[in-house]
Amino acid sequence: MRVLILGGDGYLGWPTAMTFSKKDHEVMVVDNYLRRDLARKHDVEPLWSVPNLLERVRTWHEITGHTIRARIGDCCEYSFLAPIFKEFQPEAVIHYAEQPSAPYSMLNHEAARITLNNNLQSTMNIAWAIHEHVPTCHIVKLGTMGVYGTPNIDIEEGWIDIEHKGRKDRFLFPRQASSFYHTTKIQDTDMLWFYVRTWGIRVTDLQQGPVYGIETDDTILDDRLKTIFSYDEIFGTVLNRFVVQAVSGYPLTVYGKGGQTRGYINIKDTIRCVELAMLNSPKAGRLNIFNQVTETFSVNELADKVARVGRDRGHHVEVKNIKNPRIEKEEHYYNPTYSGLKELGLEPHLLTDDVLNSMFEGVEKYKQNIQQHKIFRGVKW
Ligand SMILES: NC(=O)c1ccc[n+]([C@@H]2O[C@H](COP(=O)([O-])OP(=O)(O)OC[C@H]3O[C@@H](n4cnc5c(N)ncnc54)[C@H](O)[C@@H]3O)[C@@H](O)[C@H]2O)c1
């Protein structure tokens, strides 16, 4: 397939591009380095430095013979984005190109403004570019499980049938996010659902949980092909951060009581889910929604696993409950459905000790790069 990957320089975008290219899809990546720029601005660069996207594409070609085309530019600029759709005529677009951090979106007014403008404008531009230039193109959009919040009922995969005063209808499952970033993901879904109903476009919305992991089959081919790996509170996801904290002797920062439960997913499974979604396009005028997680854990359970494996490897690991900087329930009911992607063929990589050990190995090699002041700054809301 001809696949356009927006946000192709990111943690998930780059490994997705390599996997798809190796499978002989025709891949083009687009990125404006927003993530790198914000990380530099806030002094939270990743654990290792990563060559720029154009260099990585050259390295990929040199090592594998496969070609990934790349464009550097902003998906919020319609005059940049629309011609790419017109010329490349993608059959699928993978939309990763958003500001992906909840704490960043809560930092200050400027950060909230950037998050709102970037996430909604990029999504709207994609819908318009498809409407105007390639109406059959399937949008695979990355959303987040955080849109659902922690309701006191089971979470369905995107939709719920409601009976009210003797009549029935199907609606988007209620969403009530607990950060401004997550709220922009709700707004994205609402916008896309509107365009699906109005223009008959095809969209799959993947409500993904926090991703963990360092390597995929392609990132290990050469150090220059590694993906970005953040360990700070703003851009790092919890399990990745905990492993770095354990290696550097920084107590694992459990917020409040640590009973916050979420669904998690290995980076290898993210790529497979995105591929499965892409290969199973909805019919025109349909919005498919999948919950993209493979198992659920509380923060305490994650901390315990990391501490146990870390201690077995000889690290001095302490777990510390600190005052929760966020407004969120620390103990709650949580039972999401996540069967759709497995029905399409996902075979999950679960969080075993082997997986954790390989993450430790990946981080230990770069121990000298860890800067403890980057780990926690306590963004409050
Ligand atoms: N990593 C996770 O745990 C996780 C969990 C749930 C959902 N997601 C979602 O998945 C997507 C990818 O996440 P990620 O972790 O790879 O984040 P990332 O920041 O590493 O990747 C996003 C990429 O998009 C680029 N980008 C952002 N705005 C852009 C724009 N206007 N034009 C061009 N490029 C732009 C960034 O520079 C970055 O390289 C995001 O939408 C995120 O919200 C991620």
Side-chain angles (χ1 to χ4, degrees), residues 4-17 28-42 44-46 50 52-53 56 70-78 80-81 84 93-105 114-126 129 139-148 177 179-189 205-214 216 226-232 234-241 262-267 269-271 273-274 277 290-294:
L4 182 60
I5 301 180
L6 306 177
D9 187 53
Y11 173 54
L12 304 177
W14 174 243
T16 306
M28 183 187 284
V29 287
V30 172
D31 208 290
N32 67 345
Y33 298 135
L34 177 73
R35 162 71 175 262
R36 294 180 189 244
D37 293 345
L38 294 179
R40 197 176 313 122
K41 182 170 173 196
H42 293 280
V44 287
E45 287 91 348
V50 163
N52 72 43
L53 188 54
R56 293 206 274 181
R71 298 277 184 86
I72 304 305
D74 187 348
C75 298
C76 295
E77 297 291 333
Y78 195 64
F80 163 75
L81 191 70
I84 292 178
V93 53
I94 316 297
H95 178 21
Y96 288 124
E98 298 211 346
Q99 189 298 100
S101 159
Y104 177 78
S105 74
I114 289 173
T115 305
L116 179 81
N117 290 353
N118 190 67
N119 294 2
L120 295 183
Q121 186 70 64
S122 61
T123 303
M124 191 192 85
N125 284 355
I126 295 162
I139 304 178
V140 179
K141 159 81 178 47
L142 268 290
T144 150
M145 287 296 288
V147 296
Y148 299 119
S179 84
F180 190 62
Y181 152 73
H182 291 101
T183 301
T184 64
K185 294 287 188 181
I186 296 175
Q187 294 167 316
D188 278 343
T189 304
D205 204 345
L206 297 171
Q207 308 300 18
Q208 178 171 246
V211 182
Y212 61 83
I214 301 177
T216 67
K226 286 176 101 59
T227 195
I228 282 171
F229 183 84
S230 297
Y231 61 99
D232 61 279
I234 294 184
F235 290 111
T237 48
V238 58
L239 187 64
N240 290 354
R241 285 192 280 126
R262 303 287 185 265
Y264 292 86
I265 184 164
N266 188 308
I267 189 168
D269 290 340
T270 291
I271 296 166
C273 288
V274 169
F290 295 110
N291 293 342
Q292 188 162 302
V293 300
T294 57

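Indexing begins at 1, ligand by ligand and atom by atom, following the structure's order.
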Salt bridge (charged side-chain N to carboxylate O under 4.0 Å, His left out), paired with D9, selected from R71, R56, R35: R56
For [atom], what is the nearest protein heavy atom, given as residue, atom name and distance?
atom	result
atom 34 (N) of ligand 1	N32 OD1, 3.0 Å
atom 10 (O) of ligand 1	L142 CB, 3.5 Å
atom 44 (C) of ligand 1	Q208 NE2, 3.5 Å
atom 19 (O) of ligand 1	R35 NH1, 3.0 Å
atom 22 (C) of ligand 1	Y96 O, 3.4 Å
atom 21 (O) of ligand 1	G10 CA, 3.4 Å
atom 16 (O) of ligand 1	L12 N, 2.9 Å
atom 24 (O) of ligand 1	G7 CA, 3.2 Å

Atom of N52, atom of R36 and distance for their closest heavy-atom approach: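 So the minimum-distance heavy-atom pair works out to CA-NH2, 3.7 Å.
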List the atom of Y78, the atom of N125, and the distance in Å for their closest heavy-atom pair.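 Scanning both residues completely, I find the closest heavy atoms to be CE1-O, 3.5 Å.
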Any I271 side-chain heavy atom under 4.5 Å of L12 side chain: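 No, side chains not in contact.
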Side chain, backbone, both or neither: [X] near ligand 1, heavy atoms under 4.0 Å:
X	result
D31	both
K185	side chain
N118	side chain

Geometry only, no angles: is [X] polar-contacting ligand 1 at N/O separations under 3.5 Å?
X	answer
C75	yes
Y11	yes
P210	no

Can we call the ring centroids of H42 and F235 under 6.0 Å apart?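 No, ring centres 6.0 Å or more apart.
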For [X], state whether at least one heavy atom is located under 4.0 Å from any atom of ligand 1.
X	answer
S101	no
G209	yes
I228	no
Y181	yes
G146	no

From the options I5, T227, I267, select the one residue that forms a side chain to side chain contact (heavy atoms under 4.5 Å, CB included) with T16.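 When side chain to side chain contact (heavy atoms under 4.5 Å, CB included) is applied between T16 and each of I5, T227, I267, only I5 qualifies.
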Donor-acceptor contact below 3.5 Å, side chain [X] vs main chain [Y]:
X	Y	answer
S179	A102	no
Q121	C76	no
S230	D232	no

Test side chain to side chain donor-acceptor pair (under 3.5 Å), reference N240, set Y11, Y231, Y212, output is Y11
Using a distance-only test with no angle check, is there a side-chain donor-acceptor pair under 3.5 angstrom linking D31 and Y96? no
Check E98 with K185, please: is the shortest side-chain N to carboxylate O separation under 4.0 Å?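 A salt bridge is present here (some side-chain N lies under 4.0 Å from a carboxylate O).
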Could you tell me, atom by atom, which parts of ligand 1 come under 4.0 Å of a heavy atom of G73? 32 (N), 33 (C)
